[in-house]
Each structure stands twice: as C-alpha cells, then as structure tokens.
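Some notes on the structure that comes next.
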There are 2 protein chains.
Amino acid sequence: MVTSTHLADTDGSAAEPRWLTPDEQEAWRAFAAVLIRLPAALESQLQRDADLSHFEYAVLSALSEAPEQALCMSELAGLANGSSSRLSHVVKRLERRGWVRREPRSDDARYTNATLTAEGMAKVVAAAPGHVEAVRSLVFDVLTPEQIAQVRDIGRNIHDRLAPDGRGDR
Amino acid sequence: MVTSTHLADTDGSAAEPRWLTPDEQEAWRAFAAVLIRLPAALESQLQRDADLSHFEYAVLSALSEAPEQALCMSELAGLANGSSSRLSHVVKRLERRGWVRREPRSDDARYTNATLTAEGMAKVVAAAPGHVEAVRSLVFDVLTPEQIAQVRDIGRNIHDRLAPDGRGDR
DNA sequence: ATCGTTTAATTGAAGCTTCAATTATTCTCC
DNA sequence: GGAGAATAATTGAAGCTTCAATTAAACGAT
C-alpha cells in the first residue's frame, strides 16, 4: 500500500530507506485503515446525534473534568489534542453557542481561561452516552481484556514517541 | 476524559449507558490520542517534504500498486479510505498537477478509470522513502515484534466492525 | 525604567472535506 | 423497447482546519 518496496528507487542515488517488512506492512495496512475510519465513524455519530464535531466534544469533555470546569487555552489544546489556532476558532464557536465563556486570567493576562457554562455541561451530559456507546461498540466490544491492555501499552509507546517530553503541545 | 462516569445523568430518564471501566478508560485515553496525533504527524511530514496530503499520497500509492496503475474511482476510494466525493475533488487536483489521468470505462461508462501517469509514478517514488521512514520511526521502532502482531490483530478486529461486509465503502 | 525577547492567544485567508443535490449511464422487468 | 430504479461519479456551497502573520502581555538583562 503506502509503504512498500515496489517503489524502491534502484538508481543508487540515495541511502536505501528502511522499508517495512511483510509483517510490518500487514500490520500497517490494518492499523492505517483504523486510523482513518475509526475517527470518521466517531465523528459521524457525534455529528448526527449531538450536532458536535469530535474535537468540540473533546473540548467540552475536558472542561467538564477540570477543576471548576475551567482551563486556560493552551492546557485545553493539549488535552483535546489540537493546535492552539484550531482551539481558538472552535472555542469562539462554542462561546457563540453559549456553552463556554472566556476571560483573561487575572494574575497573568496572557492566559485566557475557558469555562464551561451550565448549558455547556448539560450539552456534554446529553452527548456522552451516545458517544461512549459508539466507542464501546466499535472498539471494546471486539477486543479481549488482554487486547485492551495491549492497546493501552501500544498507545502509550507511540504517544510517547510523538510527544517525547510528556507535555501535550504541538 | 471523553467517556467517563462523571457525566452520568442521575435522573433516571434513560437506560443506563454502558460506561467504560477504568481499564478501558486508560486504554481509550492512550489510543484516542494516537488516533488524532499520529495522522497529524504523518500529514505534516508529507506536507513538508513532498507537498502532498496523506490522502493524496494514499491515492497515488494505491494506483502505483494496481495492475496497469489504474483503478476506477469507487475502488480507489475504498483503498484510500475516503468517500467518493472526497476522492473526486482530490483526483481533480491530482489531474491538474499532471499525476493522474481520468477516462470513462469503455464497457460501462458509469465507471471512471483513474490512471497514474509517469510523472505521478515519479512523484510517489520520490515521496515514499520519507513517508516510510516516518511510519517506521513513529510506529514500528517503538514496538516489539509481539506488539506488531497485536497491532495487526487489533486493527483487523476493529476494521471488520467498521466495515462488516468486507467491502471498503462508506 | 526600558528595549528586546518570549509566551499565549487570536485572526484572516487559503485550502480541504462534507453534505445534499445533480448528472449520466446502465439495469430491470413489464 | 421504454419507464423507472439503481449505480457511479461529479458538483457547489458551507463549514472546518491550517498556516503565517499579528496582537498583547510579561519577563529579563542591562
């Protein structure tokens, strides 16, 4: 598919890339499809049932778990796995819909605190069951307990490689 | 995070959702982050080094492996894990850049065959090593051989649940 | 105290994706 | 053989994300 030796350049112009082995190719083919299609499926459930993108849901959900239901934009971006620009645009829309409020932090006005409103909390509470059901039925229902532990370990290994310092930034 | 019991509605208004267990939540937190950040990292490598989106790469790559370097739009959409509308827009751009040609199939003109040009083939060949290196270093370098087999099995289980009939459509 | 640097966040424009509607072709079956 | 259903692909508009540039505030060294 995306990574195979049939594309090898044979003119000797560069150091030979470390192509994937057949086992790795098989694994990558399966994993890459999940990487695309699972987010698309979750997106579509949330859009249909709650009129929310997955990223919007992640933002509301992160706030709902935070102390005082408030976080500054950069922390929130890290928790929701998005860039600060993306977060800024999305929070603007969430604010327009009445689910989030923003205000500069009093001790350091460079920071902006985003706070979940009561309506915002109600929105997440209403959306959560459908989303969890989707995650459960698409992921956990098809995995054994051993595989669930494997997913956790593999996920952590890859995540650590992506964000080596442990912070969630981009 | 996205799926936890702290959002339980306690008014008894609906059937209790099947919340995630703590083990499942841990696994989901790690996996969900990978689901967002790994595609973003691959996207960014391809964009920077080859001026291609990951989806464009997947399209060119699928064509490069096909017999005669040609596939009809719907097959191509399935292999590249995208909707037919998305593919249509993207192939239009790839055609404009001279990497793909399109023509109606002679035996059934509802089908459109997309064919990789020589320039298109050269483009994938040039882009492949960098992409493979990214996949290798972000994924396979941090996994043991056992974990690679686990990724394959887990990926297949989830993928089968997403596309139960085995076809790649959406 | 102040100038330059760093950090947090926002903005607008360009580009990509999605959704619903549309076109074009072939199939079906009366 | 012809009307209507089904299939493959395309289109345009709306909306979201990204990128680069910008604003605003605080820090730090002199």
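A note on names: the letters A, B, ... follow the listed sequences, proteins ahead of strands, and every chain is numbered from 1. Keep in mind that the numbers below use all heavy atoms, side chains included, and drop hydrogens, waters and symmetry copies.
What separates CZ of A/Arg96 from C1' of D/dG15 is a distance of 11 Å, to the nearest Å. Atoms CD (B/Glu43) and P (D/dC19) sit 9 Å apart, rounded to a whole Å. One interatomic measurement links the two molecules: CD of B/Gln47 to P of D/dC19, which rounds to 7 Å at whole-angstrom precision. Rounded to whole Å, the distance from CZ on B/Arg102 to P on D/dA9 is 11 Å. Spacing between atom NZ of A/Lys92 and atom C1' of C/dA8 amounts to 16 Å, rounded to whole angstrom units. At whole-Å resolution of the value, CD in A/Glu95 and P in C/dT11 are 10 Å apart. One interatomic measurement links the two molecules: CD of B/Glu103 to P of D/dA8, which rounds to 19 Å at whole-angstrom precision. Atom CG of B/Asn113 is separated from atom C1' of D/dA9 by 13 Å (rounded to the nearest Å).
Taking the side chain as every heavy atom from C-beta outward, B/Tyr111 and B/Met73 never approach each other to under 4.5 Å. Under the 4.5 Å side-chain criterion, counting only non-hydrogen atoms from C-beta, B/Leu38 is in contact with A/Phe31.
Here the CD1-OG1 distance, from B/Ile148 to A/Thr21, works out to 6.5 Å after rounding to the nearest 0.5 Å.
Picking from D/dA25, C/dC19, D/dT18 the nucleotide with the shortest atom distance to the side chain of A/Ala109 gives D/dA25. Checking C/dT25, C/dA9, D/dA25 against every side-chain atom of B/Arg110, the shortest atom distance belongs to C/dT25. Among the nucleotides D/dA9, D/dT17, C/dT18, the one closest to any side-chain atom of A/Arg93 is D/dT17. Checked against C/dT11, C/dT17, D/dA26, the side chain of A/Ser88 finds its nearest nucleotide in C/dT11. Checked against C/dT26, D/dA26, C/dT17, the side chain of B/Arg86 finds its nearest nucleotide in C/dT17.
Evaluation of atom-type donor-acceptor distances gives no pair under 3.5 Å for the side chain of A/Ser85 against the base of D/dT17. Remark: the B/His89 side chain and the D/dG12 base include a donor-acceptor N/O pair separated by less than 3.5 Å.
The shortest distance between the side-chain N/O atoms of A/Ser74 and the OP1/OP2 oxygens of C/dA9 is below 4.0 Å. In this structure, B/Ser84 does not reach the D/dT10 phosphate: none of its side-chain N or O atoms is under 4.0 Å from OP1 or OP2.
With salt bridges taken as basic N to acidic carboxylate O contacts below 4.0 Å, none links B/Glu119 and B/Arg101.
If you find the closest nucleotide of DNA chain C to A/Glu75 and to B/Ser106, the one lying nearer the 5' end belongs to A/Glu75. In terms of position on DNA chain D, the residue among B/Ser44 and A/Asp108 whose nearest nucleotide sits closer to the 5' end is B/Ser44.
Note on ring orientation: taking the six-membered ring where Trp is involved, the planes of B/Phe140 and A/Trp28 are perpendicular (angle over 60°, cut-offs 30° and 60°).
Using a 4.0 Å heavy-atom criterion, one finds that A/Thr112 contacts the sugar-phosphate atoms exclusively.
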